[in-house]
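Data first, discussion second: the structure below is written as structure tokens.
Note that ligands are numbered from 1 as they come in the structure, with each ligand's atoms numbered from 1 the same way.
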Amino acid sequence: MKYIASLGKQPTDLKRIILTHSDGDHVGALAALKAATGARVYANPIEAQAIEAAHPSRDLKMKGVQALLFKYIAEPFFKTKPAHVDDFIDDGDVLPILGGLRVVATIGHTPGHISLYLPAHKILFGGDSMTSTKSGLRCSRGMNTWDEAKAKEAVKIQAALGAETVCVGHGPVVRGAPVKFPEA
Ligand SMILES: [Zn+2]
């Protein structure tokens, strides 16, 4: 809300909220933001179901003490309120935003994860399909990754798009992207 104000805009100027997936750290403020702005919400059908039920679209791969610590210490911070998804979007859809915003299925981190690509500007929004560091991009992996093999496929799909700039959910914006994908 502060960022919208810093642009000299009103909350109601926010027209669309597009979710890459349903993890709590990405949708935790959705219900409040939707109520404050009246924006339409877009998500893949699998992720939309999870968002509306206020639970993740896949379980984290944890056992024993790690699972207990997560349940009692970390999980309360990831609690979300259910929020309504207005429109389903999926692979191949093009939204009329900034010259065409293309939806790219990037399954792996979660079962219905999507990324978004702006061909006119060569900007890719990768959600959590990858993370970034100053030196480059890394494939989603480990306990929060639903299917690591599919996650690697999702990186290949995205590397082939021709993006110059990649924005992911966790880590800095990556420029000069063609040589910064994991296999490059
Ligand atoms: Zn995530």
### Task
Report the relative orientation of the aromatic rings in His170 and His26; use parallel for angles under 30°, tilted for 30 to 60°, perpendicular for over 60°.
perpendicular

### Query
Got His109 and Trp146 here, is their nearest side-chain heavy-atom distance under 4.5 Å?
no

### Task
At a cut-off of 2.8 Å, list the protein N/O/S atoms near the Zn ion (ligand 1), residue plus atom name.
His21 NE2, Asp23 OD2, His109 NE2, Asp128 OD2

### Task
Begin with the C-alpha distance, continue with both residues' side-chain angles, and end with the deciding distance and a verdict on salt bridge (Lys or Arg N to Asp or Glu O under 4.0 Å) for Arg58 and Asp23.
CA-CA 9 Å; Arg58 50 89 180 90; Asp23 281 351; 2.9 Å; yes

#### Entry: Crowding at NZ, Lys34 (>12 non-hydrogen neighbours, <6.0 Å)
yes

### Query
Would the number of heavy atoms belonging to other residues, nucleotides or ligands and lying under 6.0 Å from CD of Glu52 be above 12?
yes

### Message
Whether the Glu47 and His113 side chains hold a donor-acceptor pair (N or O, under 3.5 Å, no angle test) is what I'd like checked.
### Response
no

